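What follows is a set of notes on a single structure, which appears directly below.
Keep in mind it's a predicted model, so treat the numbers as computed, not measured. Letters go in sequence order (proteins before strands), and every chain restarts at 1.
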Amino acid sequence: MSRRSYSKHIPDFRLVTHFGESGNSMIHSMSLWTKAGLLAIVVCLATVLIDPILISILYITCLAFYLAAKLPFKVLLGWYTLPAMFVFTLAIMFIFTEPGDEVIGVDLFGSHIQVTDNGIVLMYKLLIRALAVVTFSLALFMSSRYSHIAYLARRMMPRTLATVFLLSYRFLFVTSDEVTDVIDAIHSRNGGLIRGVSRQTRLFAGIFGLAFIHAFERAERIAKAMESRGFTGDMPVMEHAPRPSVAGVSVVTVGVVVLAISVYIRYFDSSMIWW
Amino acid sequence: MSRLVSVAHIHLEDGAFSPEWVIIWSVVAGAMVALALLVLRKGKVTPRKLAIAAMCTSVGFAAFQVSIPIFGGIHLNLTPLIGILAGPALGSLSVLIINIFSASIGHGGWGMVGANTIVNMTEVLVAYYFYRLVRSKLDFNRFFSGLGAAIFALSVSALVIIGIVAVSGLQDSEQTKEEVLGNMLLIAAANIVAGVIEGVITGYVVSFISKIRPDLLSDAEGNGRQDPDTASEDIDAASD
């Protein structure tokens, strides 16, 4: 469980890892290969589907997957803030300028500003797609053990990239705590974060400067320790992720078929959507 | 606190680009990463370098999550700083991994990892070479070199963002490329303003690091990597 996190709106890797290591749902027992295959299919479907109803069905399916893993819904709602904010910051520009019928409009400073029906639909689709993928992605990481993720990364990435990836994942918890420690230290000395831009900038330069210095010094110590233990640049993976079961392969196959149908509908025959 | 403005990052989620453009940007990013790996393979990648790249990645990702309460809340990428400290090849791997971590928690979509990596690799490359140029050829001080490198890199990457989004368009949107460009210019302007703040922070951090661990900057300054064991002399000199 996390010592603390930056915010309840940002996913906490310690909490994610805690659920991944300690959960016992049927999703936890599913092979990581199967879940990774399904994530790829969900990402492809979110990209290919353009009908709002089908996108909504995709989201509901992803949410059902998350809940089947016995993961906390309230936590997920808090973590939705991040992708929702990103969609909103982009869509806010398009919701007013998208061609379509006016839903609501006001005259402001001599010009007419309007929100169109197409603008609202565009924002809805962007939001639901984002939430569908985030929900599935979090469900995957919150239902998978670190050793399995490490195995998958080692198998799928070039050696150097995999080594940096796996080392980064291990360092992540330490550096996150370190940055939070410095921020806590500022708070504890009654140094609130609301200051002038100049002072604020110097304050955070100190935080990140210290974080980098500490990180480099720790990296050098770790490198020496690893070299003295015979490290040659290859991260050993001690445990293999289990192969997908027959049921897992079947689920992925169904997903691939659904994706193929979605591609066909999008590019060749949109009349298959009758509503 | 959630953030309102963000720096130099395509905060588009999955489904914003059409499948064709997701594939195109992913292939381009894949080629850039392959090039970085090739460069690393030609040189000697020591465990120290790998550990430093990993630490840069984890600090970069941690910094991603800290919202600074300026202009309603911004977050930093620190990618120009990663470029200066880790170099172009390892820095490129770092930003790719930061984007993978970010996608896993909804900070940009999985399909956007390719486009985001192109943007962030641009920042790493431009910042590294800009810093190297102004330090070794023009002999600017470290604060202004870091400041200039970050602002220039983030401004270039803002243009890359505009280019990528304007070329790709938003799927489902009926707006023309010109209209999308108009909308993106406003977002890019906000990014460049926030980029100035990141530039100042980068300048301060580079100055700070130069006083404590100048050996960490020697590669970007064209001096060759200094042995960390001799860094104590620099620390003594800096403290004097």
Determine whether L93(B) and F165(A) satisfy the following criterion, side-chain contact (heavy atoms from CB on, under 4.5 Å), listing intermediate values before the conclusion.
CA-CA 9 Å; L93(B) 298 191; F165(A) 178 87; over 6 Å; no

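In this structure, chain B has no heavy atom under 4.5 Å from any part of L45(A). Proximity to chain A is absent for every atom of S207(B), based on heavy atoms less than 4.5 angstrom apart. Contacts of I23(B) with chain A are absent, with no heavy-atom separation under 4.5 Å from either backbone or side chain. Of the two parts of R170(A), neither the backbone nor the side chain holds a non-hydrogen atom closer than 4.5 Å to a non-hydrogen atom of chain B. Both the backbone and the side chain of P99(A) come within less than 4.5 Å of a heavy atom of chain B. Interface remark: L37(B) contributes side-chain atoms only to the contact with chain A (heavy atom separation under 4.5 Å). Using a 4.5 Å cut-off between heavy atoms, I98(B) makes no contact with chain A at all.
With chain B as the partner, the residue from L161(A), N118(A), L127(A), L49(A) showing the most heavy-atom pairs under 4.5 Å is L161(A). Of the residues considered (A103(B), G203(B), S173(B), G111(B)), S173(B) shows the highest number of contacts with chain A, using heavy-atom pairs under 4.5 Å. Heavy-atom pairs under 4.5 Å with chain B were tallied for L166(A), V42(A), I222(A), I50(A); the largest tally goes to I50(A). Note on A16(B), G106(B), P19(B): by heavy-atom pairs under 4.5 Å with chain A, the leading option is P19(B). With chain A as partner, the option from A36(B), A34(B), G15(B) having the largest number of non-hydrogen pairs under 4.5 angstrom is G15(B). No other option in V164(A), V48(A), V134(A) has as many heavy-atom pairs under 4.5 Å with chain B as V164(A). Taking L90(B), T57(B), V22(B) one by one and counting their heavy-atom pairs under 4.5 Å with chain A, the maximum is reached by T57(B). Interface check for chain B: of the options F88(A), F173(A), F141(A), the most heavy-atom pairs under 4.5 Å are formed by F141(A).
Annotation for E13(B) and A130(A): closest pair CB-CB, 3.3 Å, computed over non-hydrogen atoms. The minimum heavy-atom distance linking Y267(A) with E20(B) is given by the pair OH-OE2, 3.0 Å.
In this structure, M157(A) and I100(B) have side chains that are in contact, with non-hydrogen atoms separated by less than 4.5 Å. A heavy-atom distance below 4.5 Å is not found between the side chains of F61(B) and T175(A). With contacts defined as side-chain heavy-atom distances shorter than 4.5 Å, the pair W110(B)/V133(A) qualifies. Residues M55(B) and S168(A) have side chains not in contact (no heavy-atom distance under 4.5 Å, counting atoms from C-beta outward).
Taking the six-membered ring where the residue is Trp, Y169(A) and F101(B) present tilted rings, their angle falling between 30° and 60°.
Checking side-chain atoms of R129(A) against main-chain N and O of D14(B) turns up no donor-acceptor pair under 3.5 Å. Q171(B) places a side-chain N or O within 3.5 Å of a backbone atom of T47(A) that can act as its donor or acceptor partner.
Rounded to the nearest 0.5 angstrom, I97(B) CD1 and L172(A) CG are separated by 11.0 Å. Interatomic distance, CG of L170(B) versus NZ of K125(A), reported as 11.5 Å (0.5 Å rounding). Put simply, OG on S58(B) and CG on L167(A) are 9.5 Å apart, with the number rounded to the nearest 0.5 Å.
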